[in-house]
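Heads up: the structure comes next, in structure tokens.
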Amino acid sequence: MQIDKEQCVGCGGCVNLCPQSAIYFCDNRAVIDQFSCTECRTCVLACGMGAPGVSCRFPLMVVFSEAS
Amino acid sequence: MNPERRKSRMEKVYDVIVAGAGPAGLITALTAGTAGLRVLLIDMKRDIPRVFRACCCNLIIEPGTHGETVTHTPGSIRFEKNRFAVPYSGAVIPLKKSYKVSPLGNTLKINGKSRDGNVAISYEKEVLLNDLFQRVQGNRMIEIRTETQALAVENLRSGVRVTIRTDSSLYHVRGRIAVAADGVNSKLVQSLGLNQTRRKFFARFRVASYHMEGVDCPYPDAWITFVGTGHTRGRRGQLYMCPKPHGGTIEPRVYELTIGIPVVAAAPGFTPQEELRYFTTEGRFAPWFRHMKIIDTRAATLNFYTPLTNPVEGNVVVVGDAAAFIETYVQGALMYGYQAGNAIVKHLATGTGLEEYAASWAKTFEYNDPEEIKKATQGFGLHVLRDEDIDYLFSLTKGDEVYGYVNEFSDPITVRRTLLSHLDQVRRERPQLAAQLEKFAEVSVHDALQVK
Ligand SMILES: Cc1cc2nc3c(=O)[nH]c(=O)nc-3n(C[C@H](O)[C@H](O)[C@H](O)COP(=O)(O)OP(=O)(O)OC[C@H]3O[C@@H](n4cnc5c(N)ncnc54)[C@H](O)[C@@H]3O)c2cc1C
Ligand code: SF4
Ligand code: SF4
């Protein structure tokens with residue numbers, strides 16, 4: 001899962017509800033750690049703004065593995 | 001982080017570790033720091049005084065709310081019984097009326113019951129947090145770490161250990177006392193297992209709000225509640241609107257419109273954001289918003305658990321919303337934070353003190369009484385009636401002189417009493433509705449919250 005930075009208002013509502021503790025805060029906005037997320041969709045159902053979505057998880061993983 | 005630095009961080013033992021720097025955490029940290037304790041205050045936000053979470057931020061002025069009477073005087077907010085004040089340099093808008101608006105636009109009007117004729121006072125949370133944060137920053141005993149998240153707390157044989165994460169590290173800090181001030185979905189309360197052992201889950205709500213300029217609102221000094229299911233596309237949720245000071249001033253007029261909707265897995269419906277858009281562009285009151293400009297959008301997600309009647313677990317003290325059902329109010333977060341701070345100071349000096357805080361919370365936080373949960377949630381519950389019945393009932397109240405406050409405990413009672421005063425007429429004209437009204441006290445919490 002990824003959070004759309006434009007949609008997220010930084011309310012923090014999803015952070016403590018993620019069962020994997022995969023969500024953290026950066027620049028007052030929520031960010032999902034792609035290695036911890038299990039795509040359980042809890043944050044999707046929790047967010048009042050519709051900010052979390054599945055769009056671009058895969059490309060990020062590829063970039064990560066190239067870099068390491 | 002280099003290993004040496006990590007080691008030195010691990011070895012420092014704080015007197016108090018406060019997780020969460022909302023109103024509850026800020027005042028707890030400030031109270032402990034002022035008494036000379038070594039305090040670590042952490043928050044996941046980068047800018048602690050900025051407000052991104054929805055909060056209508058009305059001062060609830062009804063005497064005796066959570067056992068306290070709170071007033072605004074220029075420059076501060078005062079707590080009479082607890083004998084303290086917090087600085088508030090911002091502007092206020094006294095709210096003179098509370099209007100309940102039915103889907104057709106009929107209103108039930110409640111006049112302010114305070115000496116100055118107010119139902120509540122609208123103030124600005126960001127200014128309050130900023131004023132408090134400046135004091136916290138000016139206190140040398142308080143170390144602040146931003147963009148720092150608390151993941152768990154454990155009680156050790158003596159003291160506590162808090163697990164902390166930043167975007168690049170995961171580490172522990174040790175302290176004598178930990179304070180869980182991390183809000184309504186508290187991670188620290190979860191980590192202690194208290195949601196399972198001491199609480200009952202009711203529902204999850206998600207919220208969104210707009211701050212807007214250029215609203216053509218016919219009620220410029222009122223707290224407005226839009227009652228009934230016809231205001232939303234998904235036919236669920238509560239909508240509120242009131243004027244807010246913004247950036248320290250009250251001109252141009254800014255209104256905040258808020259919607260809270262229960263999360264019902266079987267009927268996902270619309271997001272709060274979608275409902276706000278609908279209400280302001282297509283709903284019956286869309287003409288009010290024809291020229292509006294959105295200047296801020298906020299949101300919130302809340303798990304409603306019954307309160308932690310006992311908010312202390314070993315050396316962990318839970319304050320503010322983290323221990324509450326729905327909310328303590330900002331003023332409650334400040335009051336209980338102040339009490340907790342003082343209790344911690346006493347406890348670390350003498351070995352007792354936390355019990356006093358726990359006892360005060362158990363006695364004064366109104367939701368600790370299960371009957372209050374029922375009564376308050378019925379305030380959400382007028383929509384168990386049909387929209388056209390609400391229109392009809394409100395039309396009957398046109399000539400009534402009703403007095404009251406914005407307050408989730410007394411407001412449902414005021415409304416019910418007003419409607420019941422027309423019971424004879426309702427019996428004659430709509431006997432079925434009269435029967436429903438008489439049984440209103442039996443509406444279950446789940447029906448009132450629309451979570452079934
Ligand atoms: C829609 C709505 C309307 C409201 N209207 C009013 C009103 O009119 N009047 C009123 O008085 N009150 C109102 N409230 C209630 C009020 O907002 C709360 O009661 C109050 O903010 C509680 O303060 P707190 O310090 O306990 O928690 P919060 O204000 O939630 O602060 C918690 C802090 O902890 C931080 N945090 C959370 N998790 C972590 C973590 N894991 N690690 C580190 N930091 C973390 C957050 O960033 C935040 O800064 C309203 C609330 C809502 C949702
Ligand atoms: S709940 Fe939504 S708006 Fe709030 S922090 Fe999470 S992603 Fe952002
Ligand atoms: S999908 Fe589940 S695991 Fe992934 S971030 Fe959202 S809540 Fe956490």
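We name chains A, B, ... by the order of the sequence lines, and we start the count at 1 in each one.
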**Request:** Quick one: do Thr232(B) and Tyr278(B) satisfy side-chain contact (heavy atoms from CB on, under 4.5 Å)? Show the steps, please.
**Result:** CA-CA 7 Å; Thr232(B) 53; Tyr278(B) 170 80; 5.6 Å; no
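- Contact annotation for Cys43(A): neither backbone nor side-chain heavy atoms come within less than 4.5 Å of a heavy atom of chain B.
- Relative ring orientation between Phe202(B) and Phe325(B) is described as perpendicular, the plane-to-plane angle rising above 60° on a 0-90° scale split at 30° and 60°.
- Note: Cys11(A) leads Cys11(A), Gly50(A), Ala46(A), Gly13(A) in heavy-atom pairs under 4.5 Å with chain B.
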**Message:** Pair Thr146(B), Asp43(B) - check side chain to side chain donor-acceptor pair (under 3.5 Å), show working.
**Reply:** CA-CA 5 Å; Thr146(B) 56; Asp43(B) 200 288; over 6 Å; no
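- By the side-chain hydrogen bond (donor to acceptor under 3.5 Å, both in side chains) test, Thr271(B) is found to be paired with Glu274(B), residues two or more places apart in sequence or in another chain being considered.
- Contacts of Asn303(B) with chain A are made by side-chain atoms alone, with heavy-atom separations under 4.5 Å and no backbone atom involved.
- Of the two parts of Cys8(A), neither the backbone nor the side chain holds a non-hydrogen atom closer than 4.5 Å to a non-hydrogen atom of chain B.
- If you measure heavy-atom distances from Val263(B) to chain A, the contacts under 4.5 Å come from the side chain alone.
- Partners of Glu313(B) by salt bridge (Lys or Arg N to Asp or Glu O under 4.0 Å), not counting sequence neighbours, listed by chain and number: Arg198(B).
- Under a cut-off of 6.0 angstrom, the local environment of NZ in Lys5(A) is crowded, with over 12 non-hydrogen atoms contributed by other residues, nucleotides or ligands.
- Below 4.5 Å, heavy atoms of chain A meet heavy atoms from Glu147(B), Gln149(B), Leu151(B), all part of residues 147-154 of chain B.
- Annotation: salt bridge (Lys or Arg N to Asp or Glu O under 4.0 Å) contacts of Asp27(A) (sequence neighbours excluded): Arg46(B).
- Using a 4.5 Å cut-off between heavy atoms, Arg204(B) touches chain A through its side chain atoms alone.
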